[in-house]
Amino acid sequence: MTPAEHLSDLRARIRYHEERYYVRDAPEISDAEFDALMRELLELEAQHPELVDPDSPTQRVGGRPAEGFATVDHLEPMLSLDNAYSDTDLREFHGRVCRGLEVSEESALAYVAELKIDGLSIALTYEGGRLRRGVTRGDGVHGEDVTSNIRVLRSVPLTLKADPPALMEVRGEVYFPRAAFARVNEEREKEGEPAFANPRNAAAGTIRTLDSAAVSRRGLRVFVYQIVVPAGSTLVADIHGGVLQALGEWGLPVEGHWTRCAGVDALIGFCESWREARHSLPFETDGVVIKLDDMALRARLGATAKFPRWATAFKFPAEQARTRLLRIDVNVGRTGAVTPYAVLEPVRLGGTTVQLATLHNEQEVARRDIRPGDLVLVEKGGDIIPKVIGPVLDARSDPPPVPWVMPAACPACQQPLARPEDEVVWRCENASCPARLRRGLEHFAARKAMNIEGLGESLVNQLIDAGLVRSFADLYRLTTEGLAALERMGQKSAANVVAEIEKSKSADAWRVLHGLGIRHVGEGAARALARAFGSVSALRIATVEQIESVGEIGPVVARSVRAFMDEPANARMLDDMAAQGVLMADAHADADNAPRPWAGWTFVLTGTLTGRTRDSAAETIERLGGKVSGSVSKKTRYLVAGTEAGSKLDKAKTLGVEVLDEAQFEALILKAADL
Ligand code: IVH
């Protein structure tokens, strides 16, 4: 075998096993054997770089868009679907179809019923059997080009088998398998990040992230169900069932439970049969999509501006159950928000046992007149957390239970709660409240904050309960002996945790800023603030205006940062942390003494830089005293243009702004560093 033949053979074998695993859910080899094939391919490609093919299975993680996602037009609009919520609605849909086609309502028209996948719609363009583009639905006419994130999904073939049309758009749904969704939410909780409420939001959020390596780790999958070919081309099949079959034969993932139903009674039967059974599927489905099978009949019916007349989506009703509301408790979050939740007598609902449900806030409890002791109606829709709809008034006891009142004091620290006039949420404003501290410490230690390994939920609880830690600064007073005295904590693990805490003293400024848990300051804002100010101490003396002048930081964040720094308890805690040796500054930052040769200059970055990441370019500019802005204006000193620069380059030229290519930019940095 020549190397080229060997490569093509390996690629075909890998694609075959990818399809077995990700499309058919029927792997033939173990993960280890698959990894071995992949390694063999990687090695062979490394020996023959001239033979690397952009569609090789090794090339899934490609470049990522430099400036968000480009907007592109769909081949034809991506329509939505009309909804049906009951058997009556389904019969009415069938009636409209029959009238439109001038056939009797008794006729056994052929429909295809498919499970409705609860994800996000996607359009995949295949040209010559190769994946060219993946685009979100967007507004239906234009979507976002998310190709880099679609390429990493292993259920999406980069090349198709057999002979598909020369150009086609395949449409389908990107979704989160239940198991992957649960894993991602577990990880988020560990990191102190809010859990995704439902797999649909999670899938949509993931596909729109800019880091395709992170997308790849999430484990999203795709199901496809439609083909669009350019106007005038021949259709793939004259019935929808034929389309689904062709898609499968090309190696694309088609959800396998679709069924051809003759007449409306069969459709109703199909929907009914999945009402309960859907909970045992490995993915979420919120209904059944019903489509006329015959393409010629579809064409006769056409579409309204919003949806086709030949299809409808039957939505399963949100599941409800009755159970006793045992009591209403409140939860104190990291930022001090105190929110009520229902503690219920356990009840089976939507395939799981439900014991807790959200009540949103005090006003909602009053508006719905929900009282502890009531029999209540609980509902579970697409979201993972069920909600209490309201009391079953007919079943209310006599005399009725007393209405619930929001506690006046924090259940954890007994300090009075406060509610700003224009807000609905009550807050515990005591920064050293043990409940806030518990959550706050977990967040402080999280991987995306101070990254203190070993300091998780249970150790945090032990430290607070033992009275060893009352503030972030106290962490830095812990000793191996003190920790080792705690239950389930050996000398060795205690020493490890102390070493981890010690290491965190030199964590970059953004980690500290994120870890402090300042309201509205997530990882992104923390990074931007750290880049601009270099240290927490510099930020402590900045005015709201100065903070707001940082690109990416708006007035709400700026005011929140200022308010945090102005709070005496926080100021004391930061002083204490500094006294314990926590650096709270980037290693290179020496805000007062560093030369700032680019002070007063605003830079705009565009296109892809090859030598450094955008973050590193921005960091360097800010370290030298310059500012980075997102848009070109007359005030822009330099536009730094990487490859594939777009509209910003045009604008800079129009405004006469000086443009630097990457080499010129690097030369300017070298010159500044010489100062
Ligand atoms: S067909 C013109 N089939 O549901 C017909 N859609 O509520 C286009 N969806 O926008 C859609 N599973 O994102 C179709 N088996 C399925 C589906 C499905 C999920 C989504 C799709 C659509 C939305 C409408």
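In what follows, residues are counted from 1 in the order of the sequence shown. Remember, it's 1-based here, ligands and their atoms both numbered in the order they're listed.
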- Message: Students should find this: residues with any non-hydrogen atom under 4.0 Å from ligand 1. What is the answer?
- Response: Leu81, Glu114, Leu115, Lys116, Ile117, Ser121, Glu173, Tyr225, Gln226, Val289, Lys291, Pro308
- Message: His257 and ring-ring contact (aromatic ring centres under 6.0 Å, His included): which single residue from Tyr225, Trp274, Phe283 fits?
- Response: Trp274
- On the ring face of Phe196, is Arg188 found with NZ or CZ under 6.0 Å from the centre and within 45° of the axis? yes
- Can His279 and Glu284 be counted as having a side-chain donor-acceptor contact under 3.5 angstrom? no
- Message: Ignoring hydrogens and geometry beyond distance, is a side-chain donor-acceptor pair present between Lys291 and Thr312 at under 3.5 Å?
- Response: no
- Query: Is there a donor in the side chain of Arg519 and an acceptor in the side chain of Thr335, or the other way round, less than 3.5 Å apart?
  - Reply: no
- Any side-chain donor-acceptor pair under 3.5 Å between Thr206 and Arg218? yes
